[in-house]
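The structure appears below as structure tokens.
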Amino acid sequence: MYDITVILAQLALIIVVARLAGLAAGRVGIPPVVGEIIAGVLLGPSLLGADLSEQLFPLDTQPYLQLLASIGLVLFMFVVGLELDVSLVKGRGRVAASVSIASILLPFTMGFFLALALKDLRFAGADVVPFALFIGAAMSITAFPVLARILTDRRMHRTETGGLALACAATDDVLAWTMLAVVIGVAGGEGHGHGPDWIIYLAIPFALVAIFVVRPVLTRLTSMYRKAGELTPSILSIVLVGILLFSAATEYLGVHFIFGAFLFGAILPHEDAAQLRHEILVRLEQISVLLLLPVFFLVAGLGVDIRGLSGENFLQLVAILAVAIVGKYVGAYLGARSAGVPHWQANSLGILMNTRGLTEIVILTVGKELHLLSDELFTMMVVMALVTTIMTGPLLNLAYPRRRVARDIAEAERAALGEEAVDRVLVLARDGHDNQVLLDVAAAALAGARPAEIVVAEITLQGRALEVGSGMSLDLAEMAEAMGRQQVLVRRGEEIGIPVRVIAHPSGDVEGDLLELVDVLQPQGLVVWSDDPAEEAVRAANESPVVIVAAGAAAPDVDARVVAHWTGDGNGDAAVLLGARLAVARGVSLEVRGDGRRPAGVRSQLQERGIPLLDGTPEDGPLAAPPIEVAGLSGAAVIRVRAELDAAPVDFAAVELGATTARG
């Protein structure tokens, strides 16, 4: 008979310790999930000792914790399958296949022969061959969720190296999980399933039916979601039922329930279903990440006893670490080099493919359930999983410094934009602002020059630490939302005949990314909001004319006049010219302010060119649209021009101001 009070108190303790450990790990640059795994180990006999650990988690409550851990494992494996996107491999198939095959075969072979040498560490009564096959498979695993979050946290997912790593990890996942399912079927099929021994041979037909029959049917979920406009209880219920039935089916077939959850996640629709998958993950992940996975770490940690290792075990641990690290690194490196990948990229891929993390803990737990691993070997393999995950960040800092990452990101974006434009204006957009004002200013600054383009960059601060289990879907959804906002600007560019390109992504170093982008794009002009935190640094580093727009500028759908301030500091002509172009582009009146002979002559020349001018200064009532003002940098203006857009003094009588005219 269990005591519900004790179990509830245990769950509270597990959550608190796991979150504190995860936060502490994140502060020192280690993936938070590693801290949570360590927390589970510390609550076991490794730190507290067997007696105290058993007092905190009595044997009679552990079966209930194990049940919760299994449910958490089901949800986590579903998330792993759902986040697996085989489209990542498109265009990189040769390299991904080469790296994945080599990074599986070499550690598998080395692990197999190491297991033969360590056969005395297998569970009592376990056959040697299934034991060796399992160790080889466990050595071959790469944790796709952990690797994806490391890449995203370092912004490497937008570099060529990061794209290759994601493609290799996705391919590795498919191959490794398939191989592992076969190994587990061989090692644990007999007596593990709940049906007759021969039923395990139905596992492959079951997978084929899931892929070719069930998967097309599941596309109806996308139609249901679009019709409802949200994730309804009915849709979520279908997903939950599918997860549970698939898990139950593979467990019955003798493979293991984790493969059913993974398979169901992998066959859910990916095409045009990003928002649907995001909402499913948001609903399922919170309870899984905050409660059930920490329970799983605790249950796994109860089986880890580092203090129980002998001197001989530590030598064996060194051998395990050597095989795991060298086998995975060398396999990935050689596979990449054979596919023509340069040394520095192959080196980074070898480091990244060594990431094992939570996925390895899952596999080891399955091996223990199948009575293949002794307690000592389980402990050593868990330590190996932690070490290979912790070392990834520091080694990447050496092999692929963050400054080089930023440079490669900017180069990739430059390549995506192309080289066809002669004149390019970079617009730094911001969420919550009417960025079409910036686009109109950029179009006016180009003054009809062709070929030309406007690049809109919305680089936002990455506001949360990435954690395993928390999914990348939120970041992807934020990127998609930003891209959607910018499509309005793309359509505006089509209207005025200027190509508008969009760069939108979160970043841990917004200012650094913007500086790299300016350096690589070398724009002929830059338009930025005055309240942009990076405005001062970008303006100081940029040699092209900079237009700074105040956040209170009038919206494009408001019939606001343009006020050009002529000043005697050398920027007056540039300000008036930009104001005239902006007024023409927006189809509104222009008011030129300033005293003296020069402003009067400018007004006369503008009138001769057909620019509608206001004779006086109208009074701005409470409902009037605020004017868009253009002046030199020294003026108190809504738009400030740092330097002249034209090197020579302006002869307004000779300057074409329309959208199709030549640049002045």
Side-chain angles (χ1 to χ4, degrees), residues 6-59 61-62 64-73 75-77 79-80 143 145-146 149-150 153 285-309 317 355-365 368 375 378-393 464-471:
V6 173
I7 294 177
L8 293 176
Q10 289 173 341
L11 294 177
L13 175 64
I14 293 169
I15 293 173
V16 171
V17 175
R19 293 310 298 165
L20 291 177
L23 292 173
R27 287 184 176 274
V28 297
I30 299 174
V33 68
V34 175
E36 296 184 11
I37 295 172
I38 293 175
V41 173
L42 295 180
L43 288 174
S46 294
L47 176 68
L48 303 180
D51 293 338
L52 181 55
S53 178
E54 188 172 327
Q55 288 180 11
L56 288 174
F57 304 99
L59 294 176
T61 64
Q62 290 186 19
Y64 304 101
L65 296 177
Q66 177 67 58
L67 177 60
L68 291 175
S70 297
I71 297 174
L73 201 52
L75 294 179
F76 172 73
M77 291 305 299
V79 168
V80 172
V146 181
R149 282 155 189 78
I150 290 175
D153 190 38
E285 285 178 331
Q286 298 306 313
I287 188 66
S288 172
V289 171
L290 294 178
L291 175 62
L292 299 179
L293 274 183
V295 174
F296 169 72
F297 298 146
L298 179 278
V299 171
L302 292 177
V304 175
D305 186 5
I306 297 176
R307 298 199 303 183
L309 298 179
L317 174 59
T355 305
R356 289 179 172 85
L358 173 55
T359 306
E360 183 73 15
I361 306 297
V362 171
I363 301 307
L364 297 176
T365 302
K368 193 173 183 182
D375 291 340
F378 179 77
T379 296
M380 289 185 280
M381 294 292 284
V382 168
V383 172
M384 177 272 291
L386 293 174
V387 170
T388 53
T389 305
I390 292 173
M391 73 180 193
T392 302
R464 67 191 182 100
L466 295 169
E467 301 184 45
V468 173
S470 63

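Position 1 is the first residue of the sequence, and the numbers go up from there.
What you find for Gly301 and Pro45 is that their closest heavy atoms are O-CD, 3.9 Å. Summarising the geometry of Glu360 relative to Ala385, their closest heavy-atom pair is CG-CB, 3.5 Å, with the distance given to 0.1 Å. Taking both residues in full, the closest heavy atoms of Ala143 and Arg356 are given as CB-O, 2.6 Å, listed atom of the first, atom of the second, then distance. Smallest separation of non-hydrogen atoms from Ala21 and Gly35: CB-O, 3.1 Å. Contact detail for Ser46 and Val304: the closest heavy-atom pair is OG-O, 2.9 Å. Leu48 approaches Leu43 most closely through the heavy-atom pair CD1-O, 3.5 Å.
Looking only at distances, a side-chain donor or acceptor of Thr61 sits under 3.5 Å from a matching main-chain atom of Pro58. At least one donor-acceptor pair under 3.5 Å links the side chain of Thr388 to the backbone N or O of Met384. The main-chain N or O of Leu56 is found under 3.5 Å from a side-chain atom of Gln10 such that the two form a donor-acceptor pair. Formation of a donor-acceptor pair under 3.5 Å by the Ser70 side chain with backbone atoms of Gln66 is found in this model.
With a 4.5 Å cut-off on side-chain heavy atoms, Pro32 and Leu23 do not count as touching. Between Phe57 and Val299 the shortest side-chain heavy-atom distance does not fall below 4.5 Å. Counting heavy atoms from C-beta on, the side chains of Asp375 and Asp305 never come closer than 4.5 Å. Between Leu11 and Leu68, the closest side-chain pair of non-hydrogen atoms falls below 4.5 Å. When side chains are defined from C-beta on, Phe297 does not count as touching Ile14, because their heavy atoms never get closer than 4.5 Å.
The distance from the CZ atom of Phe296 to the CD1 atom of Ile37 is 8.0 Å, given to the nearest 0.5 Å. Taking CD1 of Ile361 as the reference point, atom CG of Leu293 lies at 12.0 Å (rounded to 0.5 Å). Rounding to the nearest 0.5 angstrom, the gap separating the CG atom in Leu386 from the CE atom in Met391 is 12.0 Å. Expressed to the nearest 0.5 Å, how far CG of Leu298 lies from CG of Leu13 amounts to 8.0 Å. Note that CD of Glu54 is 4.0 Å distant from CG of Leu59, once rounded to the nearest 0.5 Å.
Here the rule is side-chain contact (heavy atoms from CB on, under 4.5 Å) with Val382, and of Leu364, Ile306, Thr365 only Leu364 fits it.
A donor-acceptor pair shorter than 3.5 Å cannot be found between the side chains of Thr355 and Thr389.
Crowding of Arg307 atom CZ: a count of heavy atoms from other residues, nucleotides or ligands under 6.0 Å exceeding 12.
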